[in-house]
Amino acid sequence: MLKIKIQIYCGDQIAMGPGKADLLDAIAGEGSISAAGRKLGMSYRRCWLLVDVMNRCWAQPLVATSSEGARLTEMGAAVLRDYRALQRAASGAGEDAWPVLERQLRAEPLAAQAAE
């Protein structure tokens, strides 16, 4: 199985990755951080911490909150769109090399050897 995981760093923080992109999609669809968390099976606190990291890492906040809920900002929608495009491009990048690697890959790892 080939899985390409793209993470964009801001210092030692992950500014964008697959989970944060999924959270942005859920916020856009649900209109609130708590509803997005329920949809993804995450606590509100965890979602809020992820949103806080994203908002601090980019030139402008990606998520805006109000008494009415949460929404993606223009910057948030643009970052999400561009990140998803990067994911699509990266997944296609391995198409030629993957079959060659797959033939050499075991289905399961060998048992660990005991330390002497």
Side-chain angles (χ1 to χ4, degrees):
M1 176 169 110
L2 176 64
K3 178 180 178 181
I4 297 173
K5 180 177 172 180
I6 298 172
Q7 294 178 319
I8 301 171
Y9 280 81
C10 172
D12 64 349
Q13 297 288 318
I14 300 172
M16 183 58 59
K20 287 186 170 106
D22 291 346
L23 178 57
L24 291 181
D25 276 330
I27 290 170
E30 301 297 318
S32 80
I33 294 172
S34 58
R38 284 191 298 274
K39 181 176 183 177
L40 297 173
M42 298 169 61
S43 72
Y44 172 80
R45 177 171 168 67
R46 178 72 179 138
C47 291
W48 177 252
L49 291 173
L50 294 172
V51 166
D52 182 57
V53 168
M54 287 186 283
N55 281 349
R56 290 184 294 112
C57 284
W58 295 93
Q60 297 174 15
L62 304 189
V63 176
T65 59
S66 70
S67 60
E68 298 174 8
R71 63 172 179 76
L72 299 189
T73 63
E74 285 185 34
M75 172 73 95
V79 167
L80 179 59
R81 180 191 66 240
D82 294 341
Y83 179 79
R84 291 299 193 202
L86 184 60
Q87 282 183 309
R88 285 189 301 276
S91 67
E95 288 177 349
D96 295 337
W98 174 239
V100 176
L101 291 171
E102 186 176 33
R103 287 192 295 273
Q104 304 301 321
L105 185 66
R106 296 179 188 277
E108 295 290 331
L110 296 175
Q113 297 178 1
E116 294 180 16

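Numbers for residues simply follow the sequence, beginning at 1.
- Atom CE of M75 is separated from atom CG of D82 by 10.0 Å, given to the nearest 0.5 angstrom.
- For residues 63-81, no pair satisfies side chain to side chain donor-acceptor pair (under 3.5 Å), with sequence neighbours left out.
- Between the side chain of N55 and the main chain of Q60, no donor-acceptor pair closer than 3.5 Å is present.
- When side chains are defined from C-beta on, L24 counts as touching M54, because their heavy atoms get closer than 4.5 Å.
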Decide yes or no on side chain to side chain contact (heavy atoms under 4.5 Å, CB included) for D25 and R84, but give the supporting numbers first. CA-CA 10 Å; D25 276 330; R84 291 299 193 202; 2.6 Å; yes

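- Partners of R45 by side chain to side chain contact (heavy atoms under 4.5 Å, CB included), not counting sequence neighbours, listed by chain and number: S43, L49.
- Taking hydrophobic clusters as Ile, Leu, Val, Met, Phe, Trp and Tyr residues chained together by side-chain heavy-atom distances below 4.5 Å, W48 does not share a cluster with V53.
- We find the SG-CZ distance between C47 and R38 to be 10.0 Å, quoted to the nearest 0.5 Å.
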Donor-acceptor pairs are to be reported for all side-chain atoms of residues 4-18 against protein atoms at under 3.5 Å, with residues two or more places apart or in another chain.
{"from": "Q7", "atom 1": "OE1", "to": "Y9", "atom 2": "OH", "distance (Å)": "3.2"}

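- No side-chain heavy atom of L23 sits under 4.5 Å from any side-chain heavy atom of V63.
- Taking both residues in full, the closest heavy atoms of A21 and L80 are given as O-CD1, 3.6 Å, listed atom of the first, atom of the second, then distance.
- Put simply, the side chain of K20 does not reach to within 4.5 Å of the side chain of V51, judged on heavy atoms.
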